[in-house]
Asks: 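Structure below; questions to follow.
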2 protein chains.
Amino acid sequence: MTNHIPISQRLHDRLGNLISATPPGERLPSEPELARDLGVSRATLREAMRIFETQGLIRRRQGAGTYVLSPSHVIESGLEVLESIETLAERIGLKVAVRDLKLENRLATEEEANALQVSLDTKVVHLARVIHAGDRAVAYLIDIVPEDMLDPGELDENFSGSVLDIFIRRGSPALISSRCDINAVTATPDVARPLGIQRGDVLLCFEAFLYDTAGNVVDYSFSYFLPGVFRFHVVRKVGT
Amino acid sequence: MTNHIPISQRLHDRLGNLISATPPGERLPSEPELARDLGVSRATLREAMRIFETQGLIRRRQGAGTYVLSPSHVIESGLEVLESIETLAERIGLKVAVRDLKLENRLATEEEANALQVSLDTKVVHLARVIHAGDRAVAYLIDIVPEDMLDPGELDENFSGSVLDIFIRRGSPALISSRCDINAVTATPDVARPLGIQRGDVLLCFEAFLYDTAGNVVDYSFSYFLPGVFRFHVVRKVGT
DNA sequence: CACTTTTTGTTTGTCAGACAATTGACAGCC
DNA sequence: GGCTGTCAATTGTCTGACAAACAAAAAGTG
């Protein structure tokens, strides 16, 4: 058991650290120098740099060098990278608590079966909980997951409240990406009650489909956020 | 004048065409074969493929090959690529009209000067307009641009209503990306009146900073959308 | 026959070294 | 000063090679 971490991944991490540690506008070391320092070939290094260039973090100019762009472009806490609310909160140093966790095993509704691409007689786990920051409820999260995706034991103790974190921790199913529809909604009674707000209050709503590598939807979720607590942003690249 | 298009850009276009022409789940030709067909080296090809892999369009697996992912993951009308509302509407075949265009030249407010990273005595153009689809007002857009970025003549006829489209059409300033903060808000009287809605109605709000290659903010904008007309989504990649 | 193990060819991952194209700075000239 | 050519530094691209991982066929085993 060599616990083999691919070179490209280690390289991606270290290069990311280097870039974020470099002041905006500064030039990175030259490619031959960097490759030598990081112990990889120039071709491998260039592929890793291409990732950050695609994300708009650096800019390479033939003859001039590679420059770190302004930090305003950094995706940092942007929506491009999928992470659970719990992970996000921890990363920005916000203390959150999960309350009113409600679990329900039942048959999928028509809407849920359609979203999960399963038949109507499929059993699903319906998981709802409220996220508190300080003494305020700030988010209401609902996950619908096919029953065979979750062991009941996984939802007992040590459960952070995030289905996504469970999947990531155990490495199965192999996740790729999530499609997240963004909307502004008024709170329905279902949502207003657990959040302790008035029916009709405004909420930011994410409707998300989590895909594994085979293209299956392994999690269908709704996330309702009180405006102003979390700041979500996305970096939009200008099309060529 | 050879109109020299860099190999990497031509390659990016052709590879993108190939990927979009390949059914999801299908395998692409092997790298040596593709490189030969496209007339580039494998190293160059791999850098181009890394772009599409970063964007979640393909997946490369050592020993197995490179596969085109499901179309559900495609950014399609996602937020990853910046385009004007007018361009977006045209692309999806929606007929929209610009009404109540209001232009104002004045000094920047403190908030605007801060957002645009200019001094308080800078003159800015304040541009507001309402987007109609059918007979309904569906969006209210505000741009604040430093005065020296826009010629008055550019805002006369043939003006689609989009500052972004002006910048893109004339190729100056050289744009990179936009940072877009996402929020749900209740309509203030300022916004409710032009949209013809009640004060307190719910709106989806984008606050965006448009950056050029030098890192300057060249456009500061607010976009208010009636929920349900436009569907915005974002593809979130699972972090490693 | 059914099942497991081994082999083998294919494919991506990584490497080393080389040359071309572009940039930016500097010296020299008018 | 302003222009021009030179030159070193840097990224862009190419070639060829080997390693690692996968998938399917082949061989072994009960």
Side-chain angles (χ1 to χ4, degrees), chain A residues 1-15 18-19 22 25-69 171-174 176 212-214 240, chain B residues 1-15 18-19 22 25-69 174 176 213-214 240:
Chain A
M1 165 79 165
T2 50
N3 197 355
H4 195 255
I5 300 177
I7 291 181
S8 56
Q9 181 151 336
R10 276 180 49 83
L11 176 61
H12 180 266
D13 292 346
R14 288 200 287 165
L15 190 55
L18 174 61
I19 290 174
T22 303
E26 285 293 298
R27 216 195 67 191
L28 291 180
S30 72
E31 291 181 359
E33 191 178 338
L34 252 184
R36 188 162 28 81
D37 290 354
L38 297 172
V40 299
S41 74
R42 225 189 115 202
T44 304
L45 172 67
R46 280 181 60 81
E47 261 200 72
M49 295 183 105
R50 178 69 87 175
I51 297 176
F52 292 101
E53 189 182 27
T54 301
Q55 296 178 342
L57 291 170
I58 60 176
R59 182 175 178 81
R60 297 187 285 182
R61 275 164 53 212
Q62 186 172 359
T66 302
Y67 292 82
V68 176
L69 294 181
S172 154
I176 286 200
D212 68 1
T213 52
T240 57
Chain B
M1 165 82 166
T2 50
N3 196 354
H4 194 255
I5 301 176
I7 290 182
S8 56
Q9 180 146 345
R10 275 180 48 83
L11 177 61
H12 181 267
D13 292 346
R14 288 199 289 164
L15 190 55
L18 175 60
I19 290 174
T22 303
E26 285 292 298
R27 218 194 65 190
L28 291 179
S30 72
E31 290 180 0
E33 190 177 340
L34 252 183
R36 188 162 26 83
D37 290 354
L38 298 171
V40 298
S41 74
R42 223 189 116 204
T44 304
L45 173 66
R46 280 182 58 82
E47 259 200 73
M49 295 183 105
R50 178 68 89 174
I51 298 176
F52 293 103
E53 191 182 26
T54 302
Q55 296 177 343
L57 291 171
I58 60 175
R59 181 175 177 81
R60 297 188 286 182
R61 275 163 52 213
Q62 184 172 359
T66 302
Y67 292 82
V68 176
L69 294 182
I176 284 199
T213 52
T240 58

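Convention: sequence-line order gives letters A, B, ...; per-chain numbering from 1. Values below: every heavy atom of this structure, side chains too, minus hydrogens, waters and symmetry copies.
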Asks: Show your working on side chain to side chain contact (heavy atoms under 4.5 Å, CB included) between B/L34 and B/T66 and close with a plain yes or no.
Replies: CA-CA 11 Å; B/L34 252 183; B/T66 302; over 6 Å; no

Asks: From the list D/dT11, C/dC15, D/dC22, which nucleotide is the closest neighbour of the side chain of B/A64?
Replies: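 Nearest listed nucleotide: D/dC22.
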
Asks: If you assign each of A/G63 and A/L45 to its closest nucleotide in DNA chain C, which residue comes earlier from the 5' end?
Replies: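 Closest to the 5' end, via its nearest nucleotide, is A/L45.
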
Asks: What is the distance from CZ of B/R36 to P of C/dT12, rounded to the nearest Å?
Replies: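 That distance rounds to 13 Å.
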
Asks: In this structure, how many angstroms lie between the P atom of C/dG13 and the CE atom of B/M49, rounded?
Replies: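 Spelled out: CE on B/M49 to P on C/dG13 is 9 Å.
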
Asks: Rounded to whole Å, please give me the gap between CD in B/E31 and C1' in D/dA17.
Replies: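 One finds 15 Å between C1' of D/dA17 and CD of B/E31, rounded.
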
Asks: Select one nucleotide: of C/dA16, D/dT13, C/dT22, the one nearest the side-chain heavy atoms of A/Q62.
Replies: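 Shortest atom-to-atom distance from the side chain points to C/dT22.
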
Asks: For residues A/H12 and A/F52, report the shortest heavy-atom separation together with the two atoms involved.
Replies: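 Where A/H12 meets A/F52 most closely, the heavy atoms are O-CZ, 3.5 Å.
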
Asks: On the nucleotide C/dG13, are OP1 or OP2 found under 4.0 Å from the side-chain N or O atoms that A/T44 carries?
Replies: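 A/T44 to C/dG13 OP1/OP2: no side-chain N or O under 4.0 Å.
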
Asks: Would you mind reading off the distance between A/R60 atom CZ and C/dT22 atom C1', rounded to a whole angstrom?
Replies: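 Atom CZ in A/R60 sits about 15 Å away from atom C1' in C/dT22.
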
Asks: Given atom CG of A/L34 and atom P of D/dG12, what is their separation to the nearest angstrom?
Replies: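 From A/L34 CG to D/dG12 P: 13 Å.
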
Asks: Please determine whether a side-chain nitrogen or oxygen atom of B/T66 lies at a distance below 4.0 Å from atom OP1 or OP2 of C/dT11.
Replies: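 Answer no for this pair, as no side-chain N or O of B/T66 is under 4.0 Å from OP1 or OP2.
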
Asks: Which heavy atom of B/L45 sits nearest to which heavy atom of B/L11, and what is that distance?
Replies: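 So the minimum-distance heavy-atom pair works out to CA-CD2, 4.0 Å.
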
Asks: In this structure, how many angstroms lie between the P atom of D/dC18 and the CD1 atom of A/I7, rounded?
Replies: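 So the CD1-P distance, A/I7 to D/dC18, works out to 18 Å.
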
Asks: With nearest nucleotides of DNA chain D determined for A/G65 and B/E47 from heavy-atom distances, which residue corresponds to the more 5′ nucleotide?
Replies: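 Here A/G65 is the residue nearer the 5' end.
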
Asks: Please report, rounded to the nearest Å, how far the C1' atom of D/dT13 is from the CZ atom of A/R50.
Replies: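 It works out to 12 Å between those atoms.
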
Asks: Taking side chain as C-beta onward, heavy atoms only, is B/T44 less than 4.5 Å from B/L38?
Replies: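 No, their side chains stay 4.5 Å or more apart.
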
Asks: Taking CZ from A/R46 and C1' from D/dT10, how many angstroms apart are they, rounded to a whole number?
Replies: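 Rounded to whole Å, this separation is 10 Å.
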
Asks: Look at the side chain of A/A43 and decide which nucleotide, out of C/dT12, C/dC15, D/dT11, has an atom nearest to it.
Replies: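 Output: C/dC15.
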
Asks: For the side chain of B/R27, starting at C-beta, report the closest nucleotide among C/dT11, D/dT11, C/dG24.
Replies: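 My answer, after comparing the listed nucleotides, is C/dT11.
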
Asks: Distance criterion of 3.5 Å, no angle test: do you see the side chain of A/R42 paired donor-to-acceptor with the base of D/dG12?
Replies: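 Side chain to base: pair present.
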
Asks: Side chain of A/S41 only, heavy atoms from C-beta on: which candidate in C/dT14, D/dC14, D/dT13 is closest?
Replies: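 For A/S41, the side-chain atoms sit closest to C/dT14.
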
Asks: Check whether any side-chain heavy atom of B/R60 sits under 4.5 Å from a side-chain heavy atom of B/R50, and report yes or no.
Replies: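 They are in side-chain contact.
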
Asks: Between D/dA23, D/dT13, C/dC15, which nucleotide gets closest to the side-chain atoms of B/R61?
Replies: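 Of all the options, the side chain of B/R61 is nearest to D/dA23.
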
